[in-house]
Participant: 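Quick one: this structure, given as structure tokens, is what I'll be asking you about.
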Protein chains: 2
Amino acid sequence: MPDTPTLRQGSPAKRAAIVRAALEVFVRDGYTRASVDAIAREAAVSKRTIYDYYGDKERLFLSALAETREAQEADFRRLLDRTLPGTTSRDELAVALTAFGRAFATEIARSAERAAVMRLLIAEAAHFPSLVRPDPEGRPVQRALAERLAELGERGLLEVPDPAEAAEFLGLLVTGRVDYRSWYGAVPLADGEIERLVEGGVRVFLRAYRQGS
Amino acid sequence: MPDTPTLRQGSPAKRAAIVRAALEVFVRDGYTRASVDAIAREAAVSKRTIYDYYGDKERLFLSALAETREAQEADFRRLLDRTLPGTTSRDELAVALTAFGRAFATEIARSAERAAVMRLLIAEAAHFPSLVRPDPEGRPVQRALAERLAELGERGLLEVPDPAEAAEFLGLLVTGRVDYRSWYGAVPLADGEIERLVEGGVRVFLRAYRQGS
DNA sequence: GCGACACTACACCGTGCAGTGTAGAAGCGC
DNA sequence: GCGCTTCTACACTGCACGGTGTAGTGTCGC
């Protein structure tokens with residue numbers, strides 16, 4: 001019998017500490033450079049415990065990413081409801097879209113975490129096929145945004161024949177230049193710069209998607 | 001005296017072979033995973049020779065990237081002149097822009113090299129600060145495209161108050177979704193898919209930048 | 001007190017890999 | 001032929017790191 005190595009269940013608090021430390025170190029150093037010893041130190045936990053909890057470095061990595069992704073998706077939904085509610089009125093539209101874009105991009109560039117995770121995903125996509133989500137429109141973030149845009153379209157504020165596509169472009173226009181210039185968070189950007197880039201992106205989006213353009 | 005390790009000049013052909021092999025292995029495996037032995041094997045050269053030529057892994061890496069970048073920039077200029085000449089007429093515009101976008105994105109997604117290099121840069125930007133070009137508008141690719149758009153603007157085909165910004169958006173719209181979905185070349189995309197994504201991007205660009213929109 | 005479990009500290013193994021040293025073969029100018 | 005350089009083949013060092021084994025220290029339920 002190949003006997004499963006029987007990972008330990010352990011306490012949720014400790015799991016959380018490990019996963020948080022792991023993400024921090026992975027994001028900072030990259031997968032290969034990150035050492036399990038460093039993660040253990042960061043989590044204030046013995047290396048042995050990490051192996052008892054997660055088995056090996058790879059599974060720790062995947063767990064950390066999965067957990068973070070879920071948290072980020074939840075964050076995004078909240079952000080979307082806060083800045084771009086379905087009840088947005090016509091003359092609030094540009095302001096609301098800019099607020100949405102700014103909140104989104106600021107989160108990307110300041111918290112550094114979102115973009116950094118993206119950077120990590122891009123770096124490791126080829127080595128961990130399971131990280132690659134097959135259906136691009138299935139990404140919850142895109143889906144939520146598409147639904148919101150569709151609502152705005154039905155109310156006649158925007159002209160969005162293809163909400164999924166429009167959502168992709170909006171995300172791209174708003175965050176693309178920020179990611180491009182900051183190398184997905186590797187290089188810090190000034191706040192004013194971020195704002196300027198975001199506003200430019202929203203302006204282009206509106207020129208392309210405003211009703212009757 | 002700290003005596004410089006005196007790198008060997010060597011033959012250009014051998015240098016080229018090493019650099020090409022290095023890029024291939026670095027792109028395939030990433031910087032840390034790539035072993036100098038593997039590069040030597042790939043280049044059909046002894047490991048010692050690589051060290052005599054380049055000193056250490058890091059300098060080899062930087063040389064390979066620098067050389068590739070220059071080549072890609074030259075390629076881009078040629079591509080731009082071929083698909084989007086300054087003499088483009090009004091009714092050729094959409095077709096020419098699409099051709100440009102398609103050629104650009106196809107090169108990105110098919111040759112795999114361009115996107116893969118980008119992936120490598122994103123992955124290593126934080127670890128090799130010298131890779132990060134400080135001036136984002138100084139990237140020759142963006143500059144060349146901006147000049148071309150400015151020409152089209154002056155001839156009244158497009159409305160581009162800020163050509164540098166427009167160039168950035170065009171690049172983003174055309175390649176962004178391809179990069180996004182292919183994880184910068186880590187996942188292959190079907191040709192038809194690429195074409196569809198590119199055309200969508202051009203359509204949005206034109207809606208936003210067409211004269212009198 | 002006692003057993004069971006969680007955890008740490010620490011020593012340890014194996015391996016992969018950056019980088020070096022060197023002997024010798026191959027080519028070239030003269 | 002002779003000396004010089006280039007290059008290879010190969011052995012070797014040092015080190016970092018993934019992963020394991022284990023003895024010992026709490027800590028909790030009973």
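Each chain gets a letter, A, B and so on, in the order the sequences are listed, and its residues count up from 1.
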Participant: Does CZ belonging to R33(B) count more than 12 external heavy atoms closer than 6.0 Å?
Facilitator: yes
Participant: Please find the pair of heavy atoms, one from F76(B) and one from A144(B), that lie closest to each other, and give the distance.
Facilitator: CE2-CB, 4.3 Å
Participant: Less than 4.0 angstrom between a side-chain N/O of K47(A) and OP1 or OP2 of dA11(C), yes or no?
Facilitator: no
Participant: Ignoring hydrogens and geometry, is there a side-chain-to-backbone donor-acceptor pair from K57(A) to Y51(A) under 3.5 Å?
Facilitator: no
Participant: Please step through ring pair (Phe, Tyr, Trp, His ring centres under 6.0 Å) for the pair F128(A) and F61(A), ending with a clear verdict.
Facilitator: CA-CA 10 Å; F128(A) 297 93; F61(A) 180 63; 5.1 Å; yes
Participant: Listed in order of residue number, which residues of residues 30-46 of chain A have a non-hydrogen atom at under 4.0 Å from DNA chain C?
Facilitator: A44(A), V45(A), S46(A)
Participant: With the threshold set at under 4.0 Å for non-hydrogen atoms, list the residues of residues 50-58 of chain B touching DNA chain C in residue-number order.
Facilitator: Y51(B), D56(B), K57(B)
Participant: Expressed in angstrom and rounded to an integer, what is the separation of R59(A) atom CZ from dG19(D) atom C1'?
Facilitator: 12 Å
Participant: So Y209(B) and F169(B), would you call those rings parallel, tilted or perpendicular, with 30° and 60° as cut-offs?
Facilitator: tilted
Participant: Ion pair present between E73(A) and R139(A), side-chain N to carboxylate O less than 4.0 angstrom?
Facilitator: no
Participant: Do any N or O atoms from the side chain of R148(B) and from the backbone of L84(B) form a donor-acceptor pair under 3.5 angstrom?
Facilitator: yes
Participant: Give the rounded distance in Å between these two atoms: NZ of K14(B) and P of dT5(D).
Facilitator: 17 Å
Participant: Distance to the ring centre below 6.0 angstrom and angle to the axis at most 45 degrees; does that hold for R82(A) and F100(A)?
Facilitator: no
Participant: For dG21(D), does the base pair up with any side-chain atom of R48(A) as donor and acceptor (N or O, under 3.5 Å, distance only)?
Facilitator: yes
